[in-house]
Amino acid sequence: MTSEPYTPVIVGFLCNWCSYRAADLAGTARLTYAPTMRPIRVMCTARVEPQFVIKALREGADGVLIAGCHPGECHYVEGNIKALRRYTLLKQMLRQFGIEEERVQIVWAAASESKVLADAVDQMTLTLQALGPLRWRQTVLNGHGAEQAVRESADVRRAALAAQEVEGER
Amino acid sequence: MSEERVGVYVCHCGTNIAKTVDVQDVATWAAGQPHVTVARDYKFMCSSLGQEMVEQDIQEQGLTRVVVAACSPHMHEKTFQGACERAGLNRFMFEMANIRELNSWTTKDRESATQKAKSMVRGAVERVVHHRPLDMLPVPINPNTLIVGGGIAGITAALDIANAGYHVYLVEREPSIGGHMAQVDKTFPTLDCAACILTPRMVDVGQHPNITLLSYSELEQVDGHVGNFTVRVRKKARFVNEALCTGCGDCIEKCPGKTLDEVFEVGLGYRKAVYKPFPQAVPKYPVIDTESCIFFQRGKCKACELVCPTHAIDFTQKDEYLQLQVGNIILATGYDLFDARTIPQYGYGRLANVFTSMEFERMVNAAGPTDGQIVLRDGVTPPKSVGIIHCVGSRDKHYHEYCSRVCCMYSLKFAHLIHERLPDTEVYNFYIDIRASGKRYEEFYHRVLEEGTHFIRGRVAEVTDAARMPGEEGKLIIQAEDTLIGKQRRIPVDMVILSTGVQSRHDSHEVAQLFGMGCDFNGYFIERHPKLDPVLTMSDGVFIAGACQGPMAIPETVAQAGSAASQVISLISQGTLMMEPIRARINPDKCSGCRICNNLCPYHAITFHADRKVSEVITAMCQGCGACVSACPSSAITGAHFTAQQVMSQIEGILWDVRETIPLMAR
Amino acid sequence: MKYSYYPGCSLERQASAYHQSTMAVARPLNIDLVELEDWNCCGAIEYIAVDLLPAYALISRNLALAANQNGGGNHQIVAPCSACYLNLSKADKYMSDSPELAAKVNTALAAGGLSYTPGTIRTRHLLDVIVNDVGLDAIKERVTNALYNLRVAPYYGCVVVRPGFDHQFDDTEYPTSMDKLMRVLGATVIDFPLKSHCCGGHMTQISQDVALELIRRLLKNASDYDADVIVTLCPMCQLNLDAYQDSVNKQFGTDYHIPILYFTQLVGLAFGLPATELGIGKEFVDARPALAKVGATPDVTDIPASRRDKKALPMPRMTREGER
């Protein structure tokens, strides 16, 4: 693995009601944590489409953190459970892409649990440092054996079509 | 998109941001980014000068979008949306980058903080260019209100709203309103007779021209949304014609069917098969309980029918279903008592002289099964010593971790009442902490201390009849560690009272489901905000009051009920409600009618049109979580203000410095 | 149903009656108990207090053997002795909770060519298996000689339902499985208040006065309730109450003669098996006079009068598990 120090980039999807507030509180409480997480506010973790995660990884993020309310405390009854279900499926897909599962993580942080959120960012930063940069282009697009290239190109084409569809305005 | 003109404003927040983030660098850099027309940094963006700067630029520079990089949107999003609106820009053409709480306050590394701020600004800019103007949603409010639960919370709220001149439907499951408070003898700490203060209000409810009282009725179904709910109520058959009944009680007197009263008398007393839960019941009409009625069980008797002077008994009555139209709903469904049988080592149900607090409450009540005499289970012997065990089922990870908040005070009240009625009886209170944190509560505790009640601090291990030494024979022995002296103690007593805690209604989850609301781990309804919005829920137009939200005593319950009532009155008097337009919408041309979204919606806000084979979001019911948007396989659902395009663009923006351009092979 | 069977040292010697009666009732109950080959001591109570690691290694050797021998067929090991049951469960639980402990234990096991993955084998107490796997209905069908008129005090002891591990089969403070079992056999079950109190354990060896007082309480209480027998599920409890009853009588000037039997012995009797096959007669306090009370029909006088004093307040209805 690479030995030079590197700062990973994490895209954080924070739910408006618990985790974004936890992040707000982390700031208000002056908790220091790694400046690696770039936040995106969503109303609920249930809004986080798997495509958002793939998009973030494809655009250069080394990891994605999805943060929501604790199960049973979701502002929208059980949106977090829906997010968890999608996340479980998404992990299977990541494996197929050759992306380490640890690059996408889900955490429950209540509005009062600023420490939980800050620790999650710190912990994920360490994990990603150990894994090294994602390098989507090499890992996902060219990272496979040459003998598979033909089949892969068809897969990439399908992925590209899917991505195109996703990016069309909703 | 290049025709969009974005203004970027980077706030110093005094030194709060500027100390860690090079705000000038961010502003200068921002000015050179795509779409950005003007970028400035300013000491305090939220000040009136800062806001005016934004307004001025919108007007003079023709800005079409605004980004403010400052604090949390929860702090000042509305402030700047207001500024945009004043300058003629739709309030949703604005985006905030939270570079204070999420950035400058979390690190000391200036370089990385500045870099992160740039990413957040770029993300906001990329996002804001895809924003669409949105209008707040006006919703008309039906002035009728439904209140579920006729305890002190429901009674209070009903009277408040009815007195304001609006109509109320009060639905109560039991044959009479009054709730738990009607069972109680005296209220702490003032020792007011509960019935004396409660029954006048019950009568007011029964007589109020603006209140339709639906007792012995249950909620079956709720449809609709704030301002316009349709509610189906099942009015259970009473077998007594309310139009004819005068409430004289002749039928009750003559009824030969006697049964244990497990509800109002908590199994300590009996009632007839045709009965009123208690003499002052409102409404005054009795109910026939088919399970204990000799006619319903064996086909003959009809004694009540024979004696009824107005021929009001009607054995053919059937359940009735009512359809109500209401604009707001208050849930005041109350609580259940913890079942003392759950803790077998305390002996309830096994050892005759172990009583629950509610049994004791009925026993000391002059209208109760013993006419107010404090006696052992034999019905005649007064106890010479009584042990009161606090926190039964509360503050215990095996049962409920929370404090039930009322048990300390009613236990003290019991101690006082025992001293008052049986001056020679010794009273022992076994407690963990005494929680007397209400008005005049602590003073009451001191009064009970001075009356000579013994206080032993420690959780009780068991209540047993296994005598170990001579003084214990024939007694109930309470074994507990006295943590103040660090010793195990065995106190032999004649009577044990278990101060059982409060728990959520057994069916609270189903009720929450009916309203598309949430329950917490303990089954209590979740308020919109525990501090600032305690009576609002996440479902607009549905309010909660009293112990259905969490354990609370009568004064807090009444205060909450009043608060819920005033929220409702305020909505009704507005006539229409303006709601945030962050909602989902389904494009019928794209919808394949797969119905995946239908069951995902926690608010039942998506209906399916079988004729056109498409789903539709009922805007007023949608809360904007976006669960359906992410799930739609045809990308037919748009989440306003959180569109895929907006989020995707923001992702591209915040990753501006690490992006690799990957060509799409399909193009 | 097939299980791996771990008798433990007590059942080899002083509690041979327990072993004998277990084997005798296993057949009619359709429980196939395959004795674990080459089992060793569970460490009893003391060894864990001396040094944890060797203690867990010692215990886990049995689990490793059980795993090798396929746990009798369904990856479960049955222990009739409460201490064995606790130790086996505890070792498994702590190894699951602590991978470090599991690694150390496995290093020790490797010396004997063994290894154990925590969670592979589920440890069960014999009572749990009989009440919950066989089921009370199936037992009821087998009863030919119901134990009518025999007043039994079900005594669980302190270990079997504590601490509350994952597969805990009964209430920690107030267990009722054996009560229900005895009722199915036709016996009159007293609501024994000290059912989960301590029998003195090894205090008989350390501080006999303490032990004798603890034993006295149990005997006094059972006697207060006119129990004919105390029925146990633990060799230690049986030993203390039985063998020290004489010492208690000497120490406190009492005159208790309460036989202490294993629940399996009573199950066997109710199934019509001969007393000798169940090891009855091996106890110190002769059980024969008590067992002679068993009648062919239920004693009606023993059923609580349904008519109560008019003034008396009703007792709470017990909804929990439909008891009483």
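Keep in mind that the numbers below use all heavy atoms, side chains included, and drop hydrogens, waters and symmetry copies. Note that this is a predicted model, so its numbers are computed, not measured. Per chain, numbering begins at 1; letters A, B, ... match sequence-line order.
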Next on the checklist: I'd like to verify something: which residue of Met43(A), Met37(A), Arg30(A), Arg21(A) has the highest number of heavy-atom pairs under 4.5 Å with chain B?
Outcome noted: Arg30(A)

Checklist entry - Is it true that atom NZ of Lys115(A) has more than 12 heavy atoms of other residues, nucleotides or ligands lying nearer than 6.0 Å? => result no

Item to check | Among Glu77(B), Met75(B), Arg100(B), Arg585(B), residue most engaged with chain A (heavy-atom pairs, under 4.5 Å) | outcome: Glu77(B)

Item to check | Aromatic ring pairing Trp17(A)/His75(A), orientation class (parallel under 30°, perpendicular over 60°, tilted between) | outcome: parallel

Next on the checklist: Using a 6.0 Å cut-off, check whether atom CD of Glu401(B) has over 12 heavy atoms from anything other than its own residue.
Outcome noted: no

Next on the checklist: Testing the basics here: between Ala584(B) and Cys622(B), what is the closest heavy-atom pair and its distance to 0.1 Å?
Outcome noted: N-SG, 3.3 Å

Next on the checklist: Please classify the contact of Asp520(B) with chain A as side chain, backbone, both or neither, using a heavy-atom distance under 4.5 Å.
Outcome noted: backbone

Checklist entry - Of the backbone (N, CA, C, O) and the side chain (C-beta and beyond), which part of Arg86(A) lies under 4.5 Å from a heavy atom of chain B, both, or neither? => result side chain

Item to check | Heavy-atom neighbours of Asn599(B) CG exceed 12 at 6.0 Å | outcome: no

Checklist entry - When only pairs under 4.5 Å are counted, which of Asp109(B), Leu655(B), Asn103(B) shares the most heavy-atom pairs with chain A? => result Leu655(B)

Next on the checklist: Between Ile40(A) and chain B, with a heavy-atom cut-off of 4.5 Å, which part of the residue counts as in contact: side chain, backbone, both or neither?
Outcome noted: both

Next on the checklist: Tell me which of these, Ser119(B), Gly123(B), Ser539(B), Ser112(B), has more heavy-atom pairs under 4.5 Å with chain A than the rest.
Outcome noted: Ser119(B)

Checklist entry - Who among Met120(B), Arg528(B), His641(B), His74(B) has the most heavy-atom pairs with chain A under 4.5 Å? => result His74(B)

Item to check | Flag, side chain of His529(B) to backbone of Leu532(B), donor-acceptor distance under 3.5 Å | outcome: yes

Next on the checklist: Give me the atom names and distance for the closest heavy-atom approach of Glu101(B) to Thr28(A).
Outcome noted: CG-OG1, 4.0 Å

Next on the checklist: Between Asp62(A) and chain B, with a heavy-atom cut-off of 4.5 Å, which part of the residue counts as in contact: side chain, backbone, both or neither?
Outcome noted: neither

Checklist entry - Checking Ile654(B) against chain A: side chain, backbone, both or neither under 4.5 Å from a heavy atom? => result both

Checklist outcome for this item: Looking only at Tyr20(A), Tyr76(A), Phe13(A), the option with the highest number of non-hydrogen pairs under 4.5 Å against chain B is Tyr76(A)

Checklist entry - Is it the side chain or the backbone of Asn16(B) that comes within 4.5 Å of chain A heavy atoms, both, or neither? => result side chain

Next on the checklist: Could you check, using the six-membered ring where one of them is a Trp, whether His131(B) and Phe94(B) have ring centers closer than 6.0 angstrom?
Outcome noted: no

Next on the checklist: I'd like to verify something: which residue of Ile526(B), Asn98(B), Thr107(B) has the highest number of heavy-atom pairs under 4.5 Å with chain A?
Outcome noted: Asn98(B)

Checklist outcome for this item: Ranked by heavy-atom pairs below 4.5 Å to chain B, first place among Thr36(A), Val48(A), Asn16(A) goes to Asn16(A)

Next on the checklist: If I measure from the heavy atoms of chain B, does Leu25(A) come under 4.5 Å with its side chain, its backbone, both, or neither?
Outcome noted: neither

Next on the checklist: On a heavy-atom basis, which atom in Gln549(B) and which in Tyr524(B) lie closest, and how many Å separate them?
Outcome noted: O-CB, 3.3 Å

Next on the checklist: For the backbone of Ala30(B) and the side chain of Lys118(B), can you confirm whether one donor and one acceptor N or O come within less than 3.5 Å of each other?
Outcome noted: no

Next on the checklist: Counting heavy-atom pairs under 4.5 Å with chain B, which one of Val11(A), Val42(A), Leu14(A), Thr32(A) comes out on top?
Outcome noted: Thr32(A)

Next on the checklist: Report which part of Ala97(B) has an atom under 4.5 Å of a heavy atom belonging to chain A: side chain, backbone, both, or neither.
Outcome noted: neither

Next on the checklist: Out of Ala124(B), Ala113(B), Pro73(B), return the one with the most heavy atom pairs under 4.5 angstrom to chain A.
Outcome noted: Pro73(B)

Next on the checklist: Classify the ring geometry of His400(B) against Tyr402(B): parallel below 30°, tilted from 30° to 60°, perpendicular beyond 60°.
Outcome noted: parallel

